[in-house]
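Read the structure below first, then the notes.
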Amino acid sequence: MTKEADASVGVDEALAWDARLGWAFGLIADDPAERAAALVRLADVQRNVRDALGRFNEMWRLPLPLGGQDRWRDPAFLQAHEVYVEAGRYSLPNALWNRPPGDIRTWQGLPYALLFLEWEARYPQEWTRHAKEWGTKQNLIQDVAVADHGKTVRTKLTDLVEIVVQRAYRCKDREYLRVARAVDSEDLRSRLETAVGSDNPWARRHAGYVLWLLDRPEVPNTIHVWQNWIAAEARG
């Protein structure tokens with residue numbers, strides 16, 4: 001396939017993602033009314049997913065002559081599964097599952113992976129109430145923590161690190177150290193230094209730890225390392 005054909009396929013895939021999930025950017029809107037409308041839309045598509053899953057589970061429970069894995073040769077069973085998978089493509093977090101193999105930097109779903117992470121970072125209570133999925137959060141953070149993203153994505157990832165270090169720890173936040181190391185820059189370090197000098201105790205502690213690890217790329221980000229760093233900070 002030529003580069004021109006590759007680019008055309010990429011554009012088509014991006015448009016398809018936008019057609020299915022473009023509304024989801026309302027989840028991170030500053031306007032509460034816009035977020036509320038997006039949450040209503042999310043509830044609708046999640047209901048579709050639950051209904052499709054319910055029908056698929058009903059098919060799963062039906063006895064088949066051959067049983068076991070042979071049920072995957074049954075057309076009605078396969079159709080129920082396909083309907084469930086298709087419904088998930090219009091919903092979060094389902095649309096972000098089972099990412100195809102390959103470079104995440106060229107994945108057309110990347111903007112929506114970043115959206116999901118930004119939603120959790122900026123509006124954690126809404127995210128927890130409507131789409132809590134810690135495993136998805138962890139997997140996405142690990143996946144995006146690679147070097148050589150484009151400028152827009154690097155800026156978004158830098159923003160996410162800055163937001164997360166300023167709050168009390170939430171499940172899987174520790175994975176953001178991977179992102180900080182992947183997008184390490186003068187801009188990120190300047191933001192972390194500002195956080196260290198702020199009146200926010202969470203920001204001072206978390207940002208200080210991230211800066212310390214950025215200067216020591218060989219040191220693993222483990223609970224033991226964190227506890228030793230905290231103890232050393234307490235001793236002055």
Side-chain angles (χ1 to χ4, degrees), residues 9-10 12-29 34-104 106-145 169-176 178:
V9 169
D12 289 344
E13 290 179 356
L15 291 174
W17 274 92
D18 292 343
R20 294 193 304 268
L21 286 164
W23 59 267
F25 282 98
L27 296 168
I28 57 175
E34 190 174 349
R35 291 205 310 279
L39 288 172
V40 170
R41 180 70 177 271
L42 178 64
D44 288 341
V45 294
Q46 287 180 336
R47 188 179 305 110
N48 293 338
V49 173
R50 288 194 300 271
D51 291 346
L53 179 59
R55 290 190 292 271
F56 172 66
N57 286 336
E58 289 175 3
M59 293 296 300
W60 182 271
R61 288 190 291 268
L62 288 176
L64 293 176
L66 297 177
Q69 292 300 313
D70 287 319
R71 72 178 60 246
W72 289 98
R73 298 196 309 229
D74 179 73
F77 180 82
L78 287 175
Q79 182 180 19
H81 181 259
E82 290 172 2
V83 169
Y84 165 60
V85 172
E86 180 65 14
R89 297 174 71 222
Y90 291 80
S91 183
L92 292 175
N94 307 63
L96 303 173
W97 297 343
N98 302 315
R99 179 173 71 85
D103 190 341
I104 194 170
T106 61
W107 180 42
Q108 301 305 322
L110 178 57
Y112 293 92
L114 296 174
L115 183 159
F116 190 72
L117 294 176
E118 183 175 356
W119 184 25
E120 191 277 334
R122 294 181 59 193
Y123 303 105
Q125 299 310 313
E126 291 179 6
W127 181 93
T128 300
R129 189 177 308 116
H130 297 283
K132 180 179 70 175
E133 184 59 53
W134 300 117
T136 301
K137 173 184 172 180
Q138 179 181 34
N139 291 338
L140 291 177
I141 295 172
Q142 291 177 352
D143 285 350
V144 300
Y169 179 83
R170 279 172 58 86
C171 186
K172 309 304 180 183
D173 277 358
R174 194 163 62 89
E175 300 294 340
Y176 273 105
R178 300 171 182 261

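Predicted, not measured: the structure shown is a model, and the values here were computed from it.
- The CD atom of Glu175 sits 10.5 Å away from atom CG of Asp143, with the distance rounded to the nearest 0.5 Å.
- Between Asp18 and Tyr112 there is a side-chain heavy-atom pair separated by less than 4.5 Å.
- Once rounded to the nearest 0.5 Å, the distance linking CD of Glu126 with NZ of Lys132 reads 15.5 Å.
- For the pair Leu110/Arg99, no side-chain contact is recorded, criterion being any heavy-atom separation below 4.5 Å from C-beta on.
- Heavy atoms of other residues, nucleotides or ligands lying less than 6.0 angstrom from CG of Asp103 number more than 12.
- To the nearest 0.5 angstrom, Glu118 atom CD is 7.0 Å from Leu115 atom CG.
- Counting only heavy atoms from C-beta outward, the side chains of Val83 and Phe56 never approach each other to under 4.5 Å.
- Taking each heavy atom of Ala113 and Leu96 in turn, the nearest pair found is N-CD2, 3.8 Å.
- The two residues Trp107 and Pro100 come nearest to each other via the heavy atoms NE1-CD, 3.9 Å.
- Applying the 6.0 Å contact sphere to CD of Gln79 captures no more than 12 heavy atoms from other residues, nucleotides or ligands.
- Evaluated for a side chain to side chain contact (heavy atoms under 4.5 Å, CB included) with Arg55, the options Asn57, Asp51, Leu53 yield exactly one hit, Asp51.
- Between Arg41 and Asp44 no salt bridge is recorded (no basic side-chain N to carboxylate O distance below 4.0 Å).
- When atom types are taken as modelled, the side chain of Arg178 and the backbone of Ile141 share no donor-acceptor pair closer than 3.5 angstrom.
- The closest donor-acceptor contact from the side chain of Tyr90 to the backbone of Val49 lies at 3.5 Å or more, if one exists at all.
- In this structure, OG1 on Thr128 lies 4.5 Å from CH2 on Trp134, to the nearest 0.5 angstrom.
- At least one donor-acceptor pair under 3.5 Å links the side chain of Gln46 to the backbone N or O of His130.
- To the nearest 0.5 Å, the span separating CZ on Arg174 from OH on Tyr169 amounts to 6.0 Å.
- Here the closest heavy-atom approach between residue Ala131 and residue Trp119 is recorded as CB-CZ3, 3.5 Å.
- Judged by a 6.0 Å distance limit and a 45° cone about the ring axis, Arg129 is not positioned over the six-membered ring of Trp127.
- Scanning both residues, Tyr123 and Ala29, for their nearest heavy atoms gives OH-O, 3.1 Å.
- Put simply, the side chain of Tyr176 reaches to within 4.5 Å of the side chain of Leu117, judged on heavy atoms.
- A pairwise comparison of heavy atoms in Asn94 and Gly88 identifies CB-O, 3.4 Å as the closest pair.
- Between Leu42 and Leu92 the shortest heavy-atom distance is CD1-O, 3.8 Å.
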Stepwise side chain to side chain contact (heavy atoms under 4.5 Å, CB included) test for Phe25 and Glu34: CA-CA 9 Å; Phe25 282 98; Glu34 190 174 349; over 6 Å; no

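- Among Gln138, Gln142, Glu120, the one residue that satisfies the side chain to side chain contact (heavy atoms under 4.5 Å, CB included) test with Lys172 is Gln138.
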